[in-house]
Protein chains: 2
Amino acid sequence: MRKLRAEQFGLTRKVDYGSPEQNESVRQIVEAVRTEGDAALLRYAEQHDRVRLNAAELRVTESEIQAAYDRVDAAFLTAIREAAANIRKFHEKQLRQSWVDVQPDGTMLGQLLRPLKRVGVYVPGGKAAYPSSVLMNVIPAQVAGVPEIVMVTPPATGGKAGIDPYILVAAAEAGVKEMYRVGGAQAVAALAYGTESIPPVDKICGPGNIYVALAKRSVFGVVAIDSIAGPSEIVVLADETADPAYVAADLLSQAEHDEMASAILVTTSEQLGDAVAAEVERQLATLPREGTARQSIADYGAILLAESMDEAIAAVNRMAPEHLEVMTAEPMALLGRIENAGAIFVGPYSSEPVGDYFAGPNHILPTNGTARFSSPVNVDDFVKKSSLIYYSKDALLANGDQIMTLARHEGLEAHARAIEIRLERER
Amino acid sequence: MRKLRAEQFGLTRKVDYGSPEQNESVRQIVEAVRTEGDAALLRYAEQHDRVRLNAAELRVTESEIQAAYDRVDAAFLTAIREAAANIRKFHEKQLRQSWVDVQPDGTMLGQLLRPLKRVGVYVPGGKAAYPSSVLMNVIPAQVAGVPEIVMVTPPATGGKAGIDPYILVAAAEAGVKEMYRVGGAQAVAALAYGTESIPPVDKICGPGNIYVALAKRSVFGVVAIDSIAGPSEIVVLADETADPAYVAADLLSQAEHDEMASAILVTTSEQLGDAVAAEVERQLATLPREGTARQSIADYGAILLAESMDEAIAAVNRMAPEHLEVMTAEPMALLGRIENAGAIFVGPYSSEPVGDYFAGPNHILPTNGTARFSSPVNVDDFVKKSSLIYYSKDALLANGDQIMTLARHEGLEAHARAIEIRLERER
């Protein structure tokens with residue numbers, strides 16, 4: 001691995017906005033679905049997925065879901081159920097209440113919190129179909145109280161319209177009751193605008209390829225969308241007390257995701273840095289995804305040496321990593337100084353996969369430096385607020401003149417008169 | 001006003017994505033500021049605002065702010081201070097704490113909440129400069145604990161580089177310490193990428209013209225942005241107990257904003273509808289902005305007649321209005337059925353300007369039907385969350401096998417091995 005000075009190191013990778021051809025293709029698909037509905041969905045299923053369907057076959061049936069249960073292995077089912085319970089428990093702690101502030105003059109001001117009514121979760125097909133991501137997208141919405149959660153996922157290509165049974169089981173365990181076999185930009189368009197078979201939603205979330213990402217961007221405003229994920233990152237902050245084999249294993253667990261993934265060690269100990277570099281080489285050699293991981297380490301991996309823990313922490317905050325592991329002598333003492341990180345894994349046993357799969361916090365995290373201003377997926381993402389304003393007569397009589405002063409200063413006379421007409425009648 | 005059946009009425013207006021020329025112009029401006037910094041800002045100030053500045057003059061000085069205080073009138077200063085105190089008090093109730101869940105096996109899981117570090121607030125120039133909007137954007141950020149809040153606003157055009165003293169005073173009262181005289185797309189680019197004089201921010205908020213809106217869209221992802229506001233709306237839900245003069249005055253307070261504003265009465269009482277229509281005509285005649293209000297009422301105003309309160313509420317939820325007033329015999333009893341509204345004003349004394357200026361809740365609200373999934377500006381918009389995961393050795397030993405099962409199912413062997421290497425050593 002490259003050894004660099006931590007001092008000036010920054011980490012920014014390009015966001016993929018698609019080629020002009022990809023953008024135009026998505027524009028056409030979205031427009032076709034908006035105007036033609038199901039007919040366009042069925043046409044694209046044939047063109048893109050090489051699957052012939054009729055409209056009645058878009059929805060996954062109850063018996064398919066039952067059949068999926070018979071095909072997944074028992075250890076998986078046990079593990080995903082326990083993971084789902086942990087995720088549910090963590091997200092339930094995020095739930096908030098509507099509130100109201102009642103004032104002596106009778107005025108009541110508050111915030112009403114309500115779940116979104118209908119949410120669509122996109123689940124990619126093929127090798128990118130992760131049951132764990134289904135849980136991480138669906139459960140926060142379910143905990144928020146969203147009554148209608150819909151999953152869309154592409155049918156297996158080449159004539160079979162089936163869907164990976166592990167995905168169906170994960171969705172059913174998470175609480176999804178409504179699933180459609182439709183993928184790509186056309187699925188996003190269907191969720192945004194609705195078709196004869198698929199009623200429109202209020203928010204679309206879940207990862208996808210560049211066509212899905214571009215389609216989400218294009219319907220932003222018609223519906224809400226989640227953030228558009230970039231390549232994945234891990235930063236390990238470690239001192240001489242860290243175990244180099246653990247550090248290396250955790251760096252590689254990120255690097256195996258894809259060639260664009262980034263795995264970075266920031267350390268105050270050059271000795272640890274050297275030991276981690278050696279361990280990375282040793283462990284790489286036997287990985288099934290060695291090629292991907294090796295490319296990622298070569299292009300986006302680094303060992304950053306810092307003169308002091310202050311310098312190391314400054315580098316972490318500058319990178320604002322998606323995942324941060326802290327393996328130092330006193331990791332908890334550093335938390336207050338870590339400003340930017342999607343998830344912080346503390347101590348030698350909090351390996352990133354603990355959070356990816358099982359502990360309970362969400363694994364959908366802000367990437368590419370956006371932890372400066374974004375958060376992990378959470379219950380708030382599926383809740384909307386309405387302000388409540390009940391002004392009493394006394395309050396209006398007491399404050400009406402000031403309201404009129406401000407309105408008239410802004411040249412909004414009709415605003416002032418809406419107050420004035422009441423003051424004239426009620427005073 | 002048009003009288004229509006409430007049954008099928010929908011309200012959707014186009015989002016302005018700008019012309020190709022406007023998009024290209026914004027692209028060039030953003031790129032110039034990104035690569036040339038201050039030099040580009042000064043060039044555009046001369047080209048667009050016809051103001052010659054040097055880099056040292058971009059920042060508004062302390063003495064200018066002091067001078068502004070001497071120019072605003074005392075009644076305004078009193079009113080804006082009281083409004084600011086009310087806004088602060090309401091938003092302080094939204095503040096949340098970091099939390100941690102400590103489990104018997106030593107595991108600690110939580111959410112760390114931290115304010116964004118630096119936020120930029122755009123304030124339009126000229127007639128669109130509203131001191132009240134300065135308060136509504138700045139105070140939630142300040143209450144969230146954002147340490148650096150920056151205001152940018154265009155200089156007065158035509159050689160004078162001054163800024164409206166009312167805007168300067170509102171910003172100072174809200175707690176802004178750093179202000180720059182720069183506007184348009186170039187101001188947004190400066191906030192996103194930083195220049196020699198203006199350090200970059202984490203989030204940009206505040207309204208602006210189409211160039212500002214397009215520039216915000218284009219830097220989305222580099223920084224966070226707030227929602228892009230559409231035209232303003234009010235829906236009044238009223239029965240036969242409502243005072244038609246109050247209803248008409250409140251409809252007009254929305255209609256005077258601009259020709260695209262929408263003012264709609266939904267009522268179960270045709271008699272009230274007729275009385276409101278007559279009152280609107282009567283009150284329109286003496287309004288200074290009669291032309292604007294009349295156009296808005298003609299194009300986007302309506303009186304919707306509903307057979308029942310259920311039908312009326314269904315129409316409200318379909319429109320998802322930015323502002324909703326409820327003037328019925330028992331307004332509080334209807335709240336639970338109102339699913340979609342940015343702010344709900346309850347009863348005869350809660351006229352919309354009460355909330356626009358003074359009561360405390362934010363007046364920056366989701367427009368154009370986006371109340372289905374969006375919320376008023378609030379403290380959460382300036383807070384980011386980091387997950388905290390501290391897994392104990394016991395927890396890892398107990399759950400490691402399940403984590404490996406899930407990782408291996410997804411084909412992510414390096415994930416499984418990051419757990420396995422620990423189990424081998426620690427078991």
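Order of the sequence lines sets the chain letters (A, B, ...), proteins ahead of strands, with each chain counted from 1. Just so you know, these numbers come straight off a predicted model, no measurement behind them.
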Largest heavy-atom contact set with chain B, pairs under 4.5 Å, which of Glu82(A), Gln254(A), Lys203(A): Glu82(A)
Part of Leu112(A) within contact of chain B (heavy atom distance under 4.5 Å): side chain
Results of ring pair (Phe, Tyr, Trp, His ring centres under 6.0 Å) for Tyr246(A) - residues two or more places apart only: none
Pick from Leu365(B), Asp243(B), Asn362(B) with the largest number of heavy-atom pairs that fall under 4.5 Å of chain A: Asp243(B)
Choice from Leu252(A), Leu335(A), Val223(A) maximising heavy atom contacts with chain B below 4.5 Å: Val223(A)
Residue, of Glu325(A), Gln111(A), Arg118(A), that accumulates the most heavy atom pairs under 4.5 Å with chain B: Gln111(A)
Phe358(A) versus Asn86(A), closest heavy-atom pair with distance: O-ND2, 2.9 Å
Audit row: Asp380(A), Lys385(A), salt bridge (Lys or Arg N to Asp or Glu O under 4.0 Å) steps and yes/no: CA-CA 10 Å; Asp380(A) 296 342; Lys385(A) 300 157 192 151; over 6 Å; no
Between Lys384(B), Glu256(B), Lys93(B), the one whose heavy-atom pairs under 4.5 Å with chain A are most numerous: Glu256(B)
Beyond-backbone contact of Val247(A) with Glu279(A), side-chain heavy atoms, under 4.5 angstrom: no
Contact origin within Glu339(A) toward chain B - heavy atom pairs under 4.5 Å: both
Which atoms of His409(A) approach chain B - backbone, side chain, both or neither, heavy atom under 4.5 Å: side chain
Nearest atoms (heavy-atom pairs only) where Leu135(A) meets Ala170(A): CD2-O, 3.6 Å
Contact class of Ser392(A) relative to chain B, heavy atoms under 4.5 angstrom: backbone
Least distance between heavy atoms, Ala359(B) atom then Tyr391(A) atom: CB-CE1, 4.0 Å
Asp250(A) side chain to His323(A) side chain, donor-acceptor N/O pair below 3.5 angstrom: no
Taking every non-hydrogen atom, the tightest pair across Ile403(B) and Pro353(A): CG2-O, 3.7 Å
Thr370(A) side chain to Thr367(A) backbone, donor-acceptor under 3.5 Å: yes
Engaged part of Phe382(A) at the chain B interface, taking heavy atoms whose separation is under 4.5 Å: neither
Modelled atom types, side-chain donor and acceptor of Arg417(A) and Thr286(B), under 3.5 Å: yes
Minimum-distance pair of heavy atoms, taken over all atoms of Asp381(B) and Pro376(B): OD2-O, 4.0 Å
Region of Leu396(A) in contact with chain B, defined by heavy-atom distances below 4.5 Å: side chain
Top contributor to chain A contacts, counting heavy-atom pairs under 4.5 Å, from Arg289(B), Met108(B), Arg408(B): Arg289(B)
Under 4.5 Å from any heavy atom of chain A - which part of Thr405(B): side chain
Among Val326(A), Leu284(A), Leu116(A), residue most engaged with chain B (heavy-atom pairs, under 4.5 Å): Leu116(A)
Interchain contact, Arg114(A) with chain B, by part (heavy-atom threshold 4.5 Å): side chain
Contact class of Ala75(A) relative to chain B, heavy atoms under 4.5 angstrom: both
Toward chain B, the part of Ser351(A) with a non-hydrogen atom under 4.5 Å: both
Which of Gly355(A), Pro348(A), Ala83(A), Ala248(A) touches chain B most, by non-hydrogen pairs under 4.5 Å: Pro348(A)
Max heavy-atom pair count under 4.5 Å with chain B, selected residue of Gly360(A), Pro361(A), Gly400(A): Pro361(A)
Best-contacting candidate, Gly347(B), Ala249(B), Ala407(B), against chain A by heavy atom pairs under 4.5 angstrom: Ala407(B)
Chain A contact via Asp73(B) - which portion, at a heavy-atom distance below 4.5 Å: neither
Engaged part of Ala395(A) at the chain B interface, taking heavy atoms whose separation is under 4.5 Å: neither
Non-hydrogen side-chain atoms of Arg96(A) and Val383(A) separated by less than 4.5 Å: no
Contacting moiety of Val201(A), where chain B heavy atoms sit under 4.5 Å: backbone
Contacting moiety of Ser132(A), where chain B heavy atoms sit under 4.5 Å: both
Trp99(B) and Phe90(A) aromatic ring geometry - parallel, tilted or perpendicular at 30°/60° bounds: tilted
Lys117(B) side chain near Asn317(A) side chain, heavy-atom distance below 4.5 Å: no
Contact summary for Ile338(B) and Ile344(B), nearest pair of heavy atoms: CG2-CD1, 4.0 Å
Side chain / backbone / both / neither for Glu290(A) at chain B, heavy atoms under 4.5 Å: neither
Under 4.5 Å from any heavy atom of chain B - which part of Asn378(A): side chain
Options Arg425(B), Glu426(B), Lys393(B), Met404(B), ranked by heavy-atom pairs under 4.5 Å with chain A, top entry: Lys393(B)
Interface residue of largest heavy-atom contact number with chain A, from His257(B), Arg372(B), Glu413(B), Glu352(B), under 4.5 Å: Arg372(B)
Donor + acceptor pair across side chains of Tyr357(B), Glu410(A) (<3.5 Å): yes
